[in-house]
Amino acid sequence: QVQLVESGGGLVQAGGSLRLSCAASGRTFSNDAMGWFRQAPGKEREFVAAISWSGGWIYYADSVKGRFSISRDNAKSTVYLQMNSLKPEDTGVYYCAAGPRGGYSSPTYDYWGQGTQVTVSS
């Protein structure tokens, strides 16, 4: 059974930091691209960041460039999202995703986690 389990969400004040983790199991995710998406209340799910299986390419949404950093540890089947200088508009449910292609678009990912809530207070 393929599973992606996110953790690390919570409530933080604006300007603070959080580190999200996504632990994968059930398949060899070391060959997959991994991505983070988020969904704010009443809004569509949007791309945040993605990383190839080797770390050879990394993409960020313009809204998080310079503040967020994605990384992965294939030995632990885990991908991370370090979020610094958080803003209230970063509030939402953050989802981890995996797939052989990856990229900016949700349909290019085959597997999804249940999400972790991030709330940034002003």
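Note that these values count all heavy atoms, side chains included, but never hydrogens, waters or copies made by symmetry. Bear in mind that the values here come from a model prediction, so they are computed numbers and not experimental data.
In this structure, the side chain of Tyr60 engages the main chain of Ile70 through a donor-acceptor pair within 3.5 Å. A distance-only check finds a donor-acceptor pair linking the side chain of Tyr109 to the backbone of Gly103 [under 3.5 Å]. A donor-acceptor pair is defined here as one N or O able to donate and one able to accept, closer than 3.5 Å; such a pair exists between the side chain of Thr91 and the backbone of Val120. Side-chain N or O atoms of Glu6 include one that pairs as donor or acceptor with a backbone N or O of Cys96 at under 3.5 Å. At distances below 3.5 Å, at least one donor-acceptor pair connects side-chain atoms of Arg72 with backbone N or O atoms of Ser52. Checked by atom type and distance alone, the side chain of Ser105 never pairs as donor or acceptor with a backbone atom of Thr108 at under 3.5 Å. Of the possible polar contacts, one joining the Asp73 side chain to the Ala75 backbone as a donor-acceptor pair under 3.5 Å is found.
For the pair Val64 and Arg38, the minimum side-chain heavy-atom distance is below 4.5 Å. Contact of the Trp36 side chain with the Val79 side chain is registered, since non-hydrogen atoms from C-beta on lie closer than 4.5 Å. For the pair Gln82/Ser17, a side-chain contact is recorded, criterion being any heavy-atom separation below 4.5 Å from C-beta on. Considering only heavy atoms from C-beta on, Phe29 stays 4.5 Å or farther from Asn74 through its side chain. Residues Leu81 and Tyr94 form a side-chain contact, since some pair of their non-hydrogen atoms from C-beta on lies under 4.5 Å apart.
Cluster annotation: Tyr111 is connected to Val48 through the hydrophobic network of ILVMFWY side chains, with a link wherever side-chain heavy atoms come within less than 4.5 Å. There is no path of hydrophobic side-chain contacts, each under 4.5 Å, that joins Tyr104 to Ile58. Under the 4.5 Å side-chain heavy-atom criterion for ILVMFWY residues, no single connected hydrophobic cluster contains both Val118 and Phe47.
For the residue pair Gly8 and Leu18, the shortest heavy atom distance occurs at O-CD2, 3.8 Å. Between Asp110 and Pro100, the shortest heavy-atom distance links the atoms OD2-CD, 3.1 Å.
Between Trp112 and Phe37, the distance from one ring center to the other falls under 6.0 angstrom.
The only option from Asp90, Leu86, Thr119 that meets the side-chain contact (heavy atoms from CB on, under 4.5 Å) definition with Val12 turns out to be Leu86.
Note: Ser106 OG to Gln39 CD = 9.0 Å, rounded to the nearest 0.5 Å. Between the CG atom in Leu20 and the OH atom in Tyr95 there is a gap of 13.0 Å [rounded to 0.5 Å].
Counted within 6.0 Å of CD on Gln117, heavy atoms from surrounding residues, nucleotides or ligands total more than 12; the atom is thus considered enclosed.
The pair Arg27-Asp32 meets the salt-bridge criterion, with a side-chain N (NZ, NE, NH1 or NH2) lying under 4.0 Å from an Asp/Glu carboxylate O.
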